[in-house]
Amino acid sequence: MAAQGEKKPVLEMVQADGADEGCVTFVLHDEDHTLGNSLRYMIMKNADVDFCGYTITHPSESKINFRIQTRGGAPATEPLRRGLNELSDVCQHVLNTFQLSVTSALLMGPRLGPPQRSCLAADPML
Amino acid sequence: MAATTTNVDEIRNRVILGEFGVKNVHTTDFPGNYPGYDDTWNMQKFQKNFRIDVVHVDESSMEFDMVGIDAAIANAFRRILLAEVPTMAIEKVFIYNNTSIVQDEVLSHRLGLIPIKADPRLFEYRNTGEESAEEEGSEIDTIQLQLKIKCSRNPRASKDSSDPRELYLNHMVYSRDIKWVPIGNQADVFADSVIGPVHDDILIAQLRPGQELDIIMHCVKGLGKDHAKFSPVATASYRLLPEITLMEPVEGEKAERLKSCFSRGVIDLEDVNGKKVAKVVNSRLDTCSREILRHDDLKNVAKIGRVRDHFIFTVESSGILQPDVLVTEAIKVLMAKCQRFINELDSTDME
């Protein structure tokens, strides 16, 4: 659920002893594959990132371990921040495109009365 | 050389449905995977290639194509539609009287699953903290509903009738019997949109003369991941666009058989110099049954694949919000998730 109290952590950073700041496991609380996989995709698209992956610690815990290893020891927070920003920009573009398409579709013909199962209706064998 | 480049493009852009398995399942277009390809993220390239075509939209369902996006992000939208777009649903049931044969807990569960027509965007989440557990709901986070009904004999029923519809009054309790009890200023705020069940013909219980229900219900805002009753969709799914390619010309009886291997409308027979020649006209209609692989002489004639970045979304609303509004909300939810962590990164940098 949304904000539950002030004390609940949102983001933690875990580093192994002796590891530089380019190898970090971020713990994203209250997240799952929804953000984990899409964010992993965006971060793997970054050429400065050597490795990016995530695991769900346990089905009964609502958090994910999100690992980033950068090339040449650059701080791992940078690709994370960039990935989040890029994913947000992607969503904004998808949202704009979607609203434009829906408005023009509704202009072409208003919502039809009876619901049509278009995927089934297209195939007369079903 | 040309042959190898097309092969690489096929690995990158198509999922191949083979006889003994599915090939090229995973996304592989990451930087460093393919020499000669620039796979780093490029917003301009994405914006140029991305498109959405709405195939169909009405009050309760919609179908649209989302093209030029990775499965990871398309799947995020689907998952959010199922589990993270909020709706209002009955959460607390106060049973003052229930003399029907439906047990209290079964009745409560049935009531909880009834879709309630109320715009969740106009409500707040109810605090779930320990100290507020017993707190009364307020006008900003709770909808109060009442179900008060008693069954009786119909005095005007004929003597020898055995039809319960004639013998009794109120013996079927429907969702239409649930009445909205506005709290605070709700009657003014929601004056133009009556709050209540989406469908008025959901059978809740059956009664017999003397049995009665006296129930107050509280609806709160919630998410599908907490309980399926909060899910705003009946279904939200996508499939990849099928692509069927004929590798060689197919004629005559073979063409007839080829046609029958696919869904109707996929293959058409054209008349060329008196011979029937098969042609793919609309591979979108195919169900990818792979019937063709049962015919030894046909299985190498057609290549069945799916376009990796072409998603055919189907969204069926439960009736609370229109399907296009649901998709819009789902996209906003993913943006809010990103923003939550961007804010957290910013605030830790400050310290």
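Naming convention: chains lettered A, B, ... in sequence-line order (proteins, then strands); numbering from 1 in each chain.
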Looking at side-chain heavy atoms only, is the closest gap between A:V94 and B:M66 below 4.5 Å? yes
Heavy-atom side-chain proximity of B:V57 to A:L106 below 4.5 angstrom: yes
Region of A:L28 that comes under 4.5 Å of a non-hydrogen atom in chain B: both
Please state whether the side chain, the backbone, both or neither of A:D89 comes within less than 4.5 Å of a heavy atom of chain B. both
Minimum heavy-atom separation for [X] to [Y], with atom names?
X	Y	result
B:P31	A:K45	CG-O, 3.3 Å
A:S101	B:I52	OG-O, 2.8 Å
A:V90	B:M43	N-CE, 3.9 Å
A:F98	B:D324	CE2-O, 3.4 Å
A:N37	B:A72	O-CB, 3.6 Å
A:V10	B:F341	O-CE2, 3.4 Å

Decide side-chain contact (heavy atoms from CB on, under 4.5 Å) for B:M335 and A:L87; before the verdict, give the C-alpha distance in whole Å, the side-chain angles of both, and the deciding distance to 0.1 Å. CA-CA 8 Å; B:M335 285 172 78; A:L87 184 56; over 6 Å; no
Tell me, with the steps shown, if A:E31 and B:R340 meet salt bridge (charged side-chain N to carboxylate O under 4.0 Å, His left out). CA-CA 11 Å; A:E31 292 301 340; B:R340 179 166 157 249; 2.9 Å; yes
Derivation and outcome, side-chain contact (heavy atoms from CB on, under 4.5 Å), residues A:S88 and B:L334: CA-CA 8 Å; A:S88 192; B:L334 188 55; over 6 Å; no
Above 12 or not: heavy atoms from other molecules or residues under 6.0 Å from CZ of B:R294? no
Begin with the C-alpha distance, continue with both residues' side-chain angles, and end with the deciding distance and a verdict on side-chain contact (heavy atoms from CB on, under 4.5 Å) for B:T348 and A:L11. CA-CA 9 Å; B:T348 46; A:L11 178 68; 5.6 Å; no
I'd like to verify something: which residue of A:Q99, A:R40, A:H33 has the highest number of heavy-atom pairs under 4.5 Å with chain B? A:H33
Can you tell me which portion of B:N75 sits under 4.5 Å from chain A's heavy atoms? Options are side chain, backbone, both or neither. neither
Residue part contacting chain A, namely of B:N343, when any heavy atom lies under 4.5 Å: neither
Using 0.5 Å steps for rounding, measure from the [atom1] atom of [X] to the [atom2] atom of [Y].
X	Y	atom1	atom2	answer
B:R79	A:T34	CZ	OG1	3.5 Å
A:H93	B:I331	NE2	CD1	11.0 Å
A:L95	B:F77	CG	CZ	8.5 Å
A:C91	B:Q339	SG	CD	11.0 Å
B:C338	A:M42	SG	CE	9.0 Å
B:W41	A:E86	CH2	CD	7.5 Å

In sequence, state the C-alpha distance, the side-chain angles, and the governing distance for B:K225 and A:D32, and then conclude on salt bridge (charged side-chain N to carboxylate O under 4.0 Å, His left out). CA-CA 11 Å; B:K225 66 177 175 184; A:D32 53 13; 5.5 Å; no
Under a 4.5 Å heavy-atom cutoff, which of B:I80, B:D29, B:D53, B:T27 has the most pairs with chain A? B:D29
Give the C-alpha distance, both sets of side-chain angles, the deciding distance and a yes or no for side-chain contact (heavy atoms from CB on, under 4.5 Å) between B:F50 and A:T97. CA-CA 8 Å; B:F50 182 75; A:T97 316; 3.8 Å; yes
Tell me which one of B:I69, B:D70, B:I73 satisfies side-chain contact (heavy atoms from CB on, under 4.5 Å) with A:S38. B:I73
